[in-house]
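Below: the structure, in structure tokens.
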Number of protein chains: 2
Amino acid sequence: MAPTETNKKTKYHHGDLRQALIASATNMVESEGVNGLSLRKLAEKVNVSRTAAYHHFKDKHDLLCAIAAQGFAQWQAMAEVISKDDSLSSREKFKQFFLKYIQFAINNAAIYELMFGHQLWQSEGDNSALKDVSYPCFQYQVEMTRLWQQQGIFPSSENPTRLAQVTWATMHGLAKLYIDGIYTQSSTIEDMCDTAINLLVINKPAN
Amino acid sequence: MAPTETNKKTKYHHGDLRQALIASATNMVESEGVNGLSLRKLAEKVNVSRTAAYHHFKDKHDLLCAIAAQGFAQWQAMAEVISKDDSLSSREKFKQFFLKYIQFAINNAAIYELMFGHQLWQSEGDNSALKDVSYPCFQYQVEMTRLWQQQGIFPSSENPTRLAQVTWATMHGLAKLYIDGIYTQSSTIEDMCDTAINLLVINKPAN
DNA sequence: AATAAATGTGGATATTACTCACATATTATT
DNA sequence: AATAATATGTGAGTAATATCCACATTTATT
């Protein structure tokens, strides 16, 4: 997309307002939190009228869903990198998976809140866009869990979906614990992860 | 309805407006979610002026903190009942603790969201009232964890605080998973809890 | 070129949290 | 008991917000 527009100073149409809105909104959410995002301030920042966004997103909820969906895509990409890294043993892959998840959540705290918060999931609005991207994301983790069971890292007696849910729950709980500062101080996050992994994983038999 | 208002003398002062506000606000949060609570509608419901609440709570945030604090007190009471029940073995106590926690979260979903959500914890406002009640609550769990370690339910090699953090994280993650309907269907909550407990606890040695 | 569709604009509305000046009830002090 | 201080109520008003509406301009389709 490089039409002859460079010489035009003020063009009526933006060019790619939708992407500009998502990008700028993501920034605002990251820097000021979810509640720091208002459509008016957003419009100001993108130099566009207050109501322009409504031609690209049904409402604020819809815009937030788009931001969260982007977050899921990012995490999915990271997970695939770990999964396909042949230099790692299965055991190391799980550990990396766990640690990178926490790291991702911490580095994108406000986006993470959006991805997994009640604001979008519990809303009555249409969050199918969110589910469409998050569900395969979780299914991917189920598949990895299945492999980990075969490698003896998790008990093969358990249902892989349940196992994936429990490991995700633990990761999610730790991430929230850290991000919101509940029951914890920031210095202990590594210890917490170590303890969690020790508990969840079947210990390698001493040989 | 339709009370004879002619002979009824409406008092200028309410009597115990603070408690009435907390109670009614709790109801509104439970039935319509956190975002369903507006101070105006609340004032209407309690039959009081829009601004009356500001004599009892600094702002909306302050009122929400009071609701959440009440939630912590309730859970603390439930935890103590389990802990002091002599008819339960230590192992059964942990299981009960885990299951009752999830049950509490599900039965009070909106309040639970308030208790552990970013809205109050991440805010810049004063949430010391919240921390004052939630911190002892967690310390209690640490003490119980210490005992469970002595009973061989958790590895004694781990730091009890870390263990309590990890078990709380798992419980919290499962509760959120269920409540928000992320990655899960409601029918599998019991299986998920079973799997979680199996993973976290040291298996009783076959005898 | 004509027309339709997409994408922009400013004006308007309803809801919201919150502030302010003031009214009335309760209590503490004399 | 009288009075002062304090607690607790009221209504008017403000600023911010999400969203709707009628209309303007640009782009795509025929």
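Between A:His56 and C:dG8 there is a side-chain N or O to OP1 or OP2 distance below 4.0 Å.
Look at CD on A:Glu32: it is 10 Å from P on D:dT17, rounded to the nearest Å. The distance from atom CZ of B:Phe57 to atom C1' of D:dA7 is 15 Å, rounded to the nearest whole Å. When rounded to the nearest whole Å, the span between NZ of A:Lys58 and C1' of C:dT7 equals 19 Å. With rounding to whole Å, B:Leu42 atom CG is found 13 Å from C:dC18 atom P. Between A:Gln19 atom CD and C:dT7 atom P there is a gap of 13 Å when expressed in whole angstrom units. What separates CG of A:Leu63 from P of D:dT19 is a distance of 10 Å, to the nearest Å. Nucleotide D:dG9 holds its C1' atom 17 Å from the CZ atom of B:Arg18, rounded to whole Å. Between A:His55 atom NE2 and D:dC23 atom C1' the separation is 11 Å, expressed in whole Å.
Between A:His172 and A:Phe116, the ring planes lie tilted relative to each other; the angle falls in the 30° to 60° range.
Interface remark: the A:Thr51 side chain does form a donor-acceptor pair with the C:dG10 base, using a distance-only criterion of under 3.5 Å.
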Using residues 95-107 of chain B as the side-chain source, report each donor-acceptor pair under 3.5 Å to any protein atom, sequence neighbours left out, with the distance given to one decimal.
| unit_1 | atom_1 | unit_2 | atom_2 | d |
| --- | --- | --- | --- | --- |
| B:Tyr101 | OH | B:Tyr112 | OH | 2.7 |
| B:Tyr101 | OH | B:Trp168 | NE1 | 2.9 |
| B:Asn107 | ND2 | B:Gln103 | O | 3.4 |

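The backbone N or O of A:Trp148 sits nowhere less than 3.5 Å from a side-chain atom of A:Lys93 that would complete a donor-acceptor pair. One N or O on the side chain of A:Thr167 and one on the backbone of A:Ala164 form a donor-acceptor pair closer than 3.5 Å.
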N/O-N/O pairs, protein side and nucleotides 14-17 of chain C side, under 3.5 Å:
| unit_1 | atom_1 | unit_2 | atom_2 | d |
| --- | --- | --- | --- | --- |
| C:dA17 | OP1 | B:Leu39 | N | 3.4 |
| C:dA17 | OP1 | B:Lys60 | NZ | 2.8 |
| C:dA17 | OP2 | B:Leu39 | N | 3.1 |
| C:dA17 | N7 | B:Arg40 | NH1 | 3.3 |
| C:dA17 | N6 | B:Arg40 | NH1 | 3.1 |

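Here ring-ring contact (aromatic ring centres under 6.0 Å, His included) pairs that include residues 22-58 of chain A, with residues two or more places apart or in two chains, number zero.
By the 4.0 Å N-to-carboxylate-O rule, A:Glu143 lies close enough to A:Arg146 to be salt-bridged with it.
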